[in-house]
Amino acid sequence: LFRAAESSFFADRYVKADDYFGQLLKKYPNSRYLDLVGARRFVIAQYWINLDKSGDSPIHGVNLTDKQRPWSDAFGHAIRIYDRMRLDDPTGKLADDATIAAANALFAEGRFARADEYYTDLRMHFPSSEHQFMAHYMGIQAKLRAYRGPEFAGETLDDVEKLIKQVRRQFPGESRKYQEELERAYREVRYCKAEREWTMGQYYSRRRQFG
C-alpha cells in the first residue's frame with residue numbers, strides 16, 4: 001500500500017495517493033511509515049490550498065481530467081487531509097503543523113468561527129508547539145471577526161480579553177513585536193463590551209424596566 005501510494009504521489013496522481021495513504025493507515029495504524037505519510041499528505045493538502053487560492057478552478061467547478069486535484073472542492077479536501085493527519089497521528093511531528101495550516105487556510109477564507117476552533121485546539125492540545133504564539137494571536141483575530149454584534153451572546157468578548165492578557169503574560173517577547181495590533185484588539189474588545197451595555201440599556205429603557 002505504501003509503495004502504491006508513493007507511486008501515485010510521484011506520478012502526480014494526488015487523489016489516488018491520498019486514497020492509498022488513507023487505506024494504509026486504516027489497516028496499519030502503527031505503520032513505520034507514519035512520519036513519511038504525514039509529510040506526503042501535508043504536501044498534497046498545501047498544493048490543493050494553493051490551487052484554490054489561484055482561482056484556477058475547473059469549468060462548472062467539476063474536475064473530470066486533472067489527476068492532481070479532486071473532482072470538486074479542492075479546499076474542502078485539503079482541510080479534510082489536515083484533519084486526518086491530526087486524527088491518524090495525533091502525536092506525530094506534523095500534527096500541530098496540520099492544525100495551524102487548517103486554521104490559517106480557514107481564516108484566509110473568512111471562515112472565522114471554524115478557524116477559531118482549530119486555533120483553540122492547538123492551544124489546548126499542543127502546548128509545546130512552536131506555533132503557540134500564533135495560535136494565541138490569530139485566535140484573538142478570529143474571535144473578534146467571528147463576533148456577531150451586541151444583539152448576540154458576549155462570551156466571545158470575554159474570551160478575547162482573557163486571551164490578550166494571556167498572550168502578553170506568556171509571550172512577552174513576541175507580544176512586543178505585535179504590541180500595536182494587540183492594543184488595537186484590546187480597544188476593540190472594550191468598545192464592543194461598552195456597545196453591548198449600551199444596547200442592553202436601551203432595550204430595558206424602551207420596556208420601561210428601569211430596575
Side-chain angles (χ1 to χ4, degrees), residues 45 49 52-53 55 57 61 72-84 86-87 90 95-211:
I49 290 289
D52 186 75
K53 282 183 185 176
S57 301
S72 69
D73 189 17
F75 182 88
H77 279 78
I79 298 298
R80 280 191 283 278
I81 287 182
Y82 289 137
D83 271 335
R84 291 310 315 171
R86 288 149 31 87
L87 294 171
D96 62 327
D97 297 276
T99 305
I100 195 80
N104 290 341
L106 288 162
F107 186 95
E109 285 283 302
R111 305 182 194 183
F112 303 119
R114 192 157 174 225
D116 181 43
E117 292 175 8
Y118 284 89
Y119 290 127
T120 301
D121 185 72
L122 196 149
R123 292 195 302 272
M124 291 178 60
H125 297 114
F126 301 96
S128 302
S129 170
E130 62 183 329
H131 304 299
Q132 272 292 323
F133 172 74
M134 290 311 296
H136 282 74
Y137 175 73
M138 292 302 294
I140 291 168
Q141 306 303 325
K143 285 180 185 294
L144 281 174
R145 286 163 175 76
Y147 175 60
R148 300 175 65 189
E151 295 83 8
F152 297 89
E155 289 87 352
T156 297
L157 299 175
D158 294 330
D159 292 342
V160 174
E161 194 167 8
K162 289 176 187 174
L163 207 51
I164 292 172
K165 292 176 181 177
Q166 184 178 335
V167 78
R168 283 172 167 166
R169 182 176 62 252
Q170 195 170 335
F171 307 97
E174 293 92 335
S175 295
R176 281 191 289 273
K177 296 178 184 177
Y178 290 86
Q179 184 173 352
E180 186 177 337
E181 292 88 344
L182 289 170
E183 189 59 38
R184 187 184 301 116
Y186 185 74
R187 290 197 301 268
E188 185 175 347
V189 169
R190 300 302 297 171
Y191 177 88
C192 289
K193 282 194 163 189
E195 186 181 37
R196 279 183 54 76
E197 294 294 326
W198 177 259
T199 301
M200 190 177 296
Q202 286 183 314
Y203 170 77
Y204 285 113
S205 178
R206 288 194 299 270
R207 295 170 65 90
R208 304 189 64 79
Q209 292 179 306
F210 305 121

- Note on the structure: Value for CD1 (Ile164) from CD (Glu183), rounded to nearest 0.5 Å, stands at 8.5 Å

- Query: Between Phe210 and Tyr204, does the ring centroid distance fall short of 6.0 Å?
  - Reply: no

- Message: Could you check whether any side-chain heavy atom of His136 comes within less than 4.5 Å of a side-chain heavy atom of Ile140, counting everything from C-beta outward?
- Response: no

- Query: Given Asp52 and Glu109, is the side-chain contact (heavy atoms from CB on, under 4.5 Å) satisfied, shown in steps?
  - Reply: CA-CA 10 Å; Asp52 186 75; Glu109 285 283 302; 3.3 Å; yes

- Message: With a sphere of 6.0 Å drawn around CD of Gln179, does it hold more than 12 non-hydrogen atoms of other residues, nucleotides or ligands?
- Response: no

- Query: Is the shortest heavy-atom distance from the side chain of Leu182 to the side chain of Tyr137 under 4.5 Å?
  - Reply: yes

- Task: Without swapping roles, check the side chain of Ser205 against the backbone of Gly201 for a donor-acceptor pair under 3.5 Å.
- Result: no

- In short, Ile49 meets Ala105 closest at the heavy-atom pair CD1-CB, 3.7 Å

- Could you check Arg86 against Asp96 for salt bridge (charged side-chain N to carboxylate O under 4.0 Å, His left out), going step by step and ending with a plain yes or no? CA-CA 8 Å; Arg86 288 149 31 87; Asp96 62 327; over 6 Å; no

- Item | Test log, rule salt bridge (charged side-chain N to carboxylate O under 4.0 Å, His left out), inputs Arg184 and Glu180 | CA-CA 6 Å; Arg184 187 184 301 116; Glu180 186 177 337; 3.2 Å; yes

- Query: Asp159 and Tyr147: side-chain donor and acceptor closer than 3.5 Å?
  - Reply: no

- Begin with the C-alpha distance, continue with both residues' side-chain angles, and end with the deciding distance and a verdict on side-chain contact (heavy atoms from CB on, under 4.5 Å) for Thr199 and Glu195. CA-CA 6 Å; Thr199 301; Glu195 186 181 37; 4.3 Å; yes

- Message: I need the minimum non-hydrogen distance between Gly139 and Leu163, along with the two atoms involved.
- Response: C-CD2, 4.0 Å

- May I ask you to decide if Ala135's main-chain N or O and Arg123's side chain share a donor-acceptor pair within less than 3.5 Å? yes

- Task: Answer with yes or no after comparing the ring centroid distance for Tyr82 and Tyr118 against a 6.0 Å cut-off, counting only values under it.
- Result: no

- Query: Under the salt bridge (charged side-chain N to carboxylate O under 4.0 Å, His left out) criterion, do Glu174 and Arg168 qualify, and how do the steps go?
  - Reply: CA-CA 8 Å; Glu174 293 92 335; Arg168 283 172 167 166; over 6 Å; no

- Sub-4.5 Å side-chain heavy-atom contact between Arg111 and Phe75: yes

- Inspect the surroundings of CD in Gln209 and state if more than 12 heavy atoms from other residues, nucleotides or ligands are less than 6.0 Å away. yes

- Query: Got Ser175 and Phe133 here, is their nearest side-chain heavy-atom distance under 4.5 Å?
  - Reply: yes

- Message: Atom CZ of residue position Phe171 - does it have more than 12 heavy atoms of other residues, nucleotides or ligands inside 6.0 Å?
- Response: yes

- Item | His125 side chain reached by Thr99 side chain, heavy atoms, under 4.5 Å | no

- Message: I'd like to know if Glu188 and Arg145 make a salt bridge, using a cut-off of under 4.0 Å between side-chain N and carboxylate O.
- Response: no

- Message: Would Phe126 and Asp121 count as a side-chain contact (heavy atoms from CB on, under 4.5 Å) here? Give the steps.
- Response: CA-CA 8 Å; Phe126 301 96; Asp121 185 72; 3.9 Å; yes

- Query: Which residue, Lys162, Glu161, Lys143, forms the side chain to side chain contact (heavy atoms under 4.5 Å, CB included) with Val189?
  - Reply: Glu161

- Item | Non-hydrogen side-chain atoms of Phe112 and Leu144 separated by less than 4.5 Å | no

- Shortest non-hydrogen contact from Ala103 to Ala115? O-CB, 3.5 Å

- Query: Of the non-hydrogen atoms in Pro90 and Ala95, which two are nearest, and what is the gap between them?
  - Reply: O-CB, 3.5 Å

- Verify salt bridge (charged side-chain N to carboxylate O under 4.0 Å, His left out) between Asp83 and Arg80, making sure each step is shown before the conclusion. CA-CA 5 Å; Asp83 271 335; Arg80 280 191 283 278; over 6 Å; no

- Query: Would you say Lys193 and Asp158 make side-chain contact, with heavy atoms under 4.5 Å?
  - Reply: yes

- Message: I want to check something: taking the side chain as every heavy atom from C-beta on, are Ile100 and Tyr119 in contact at a cut-off of under 4.5 Å?
- Response: yes

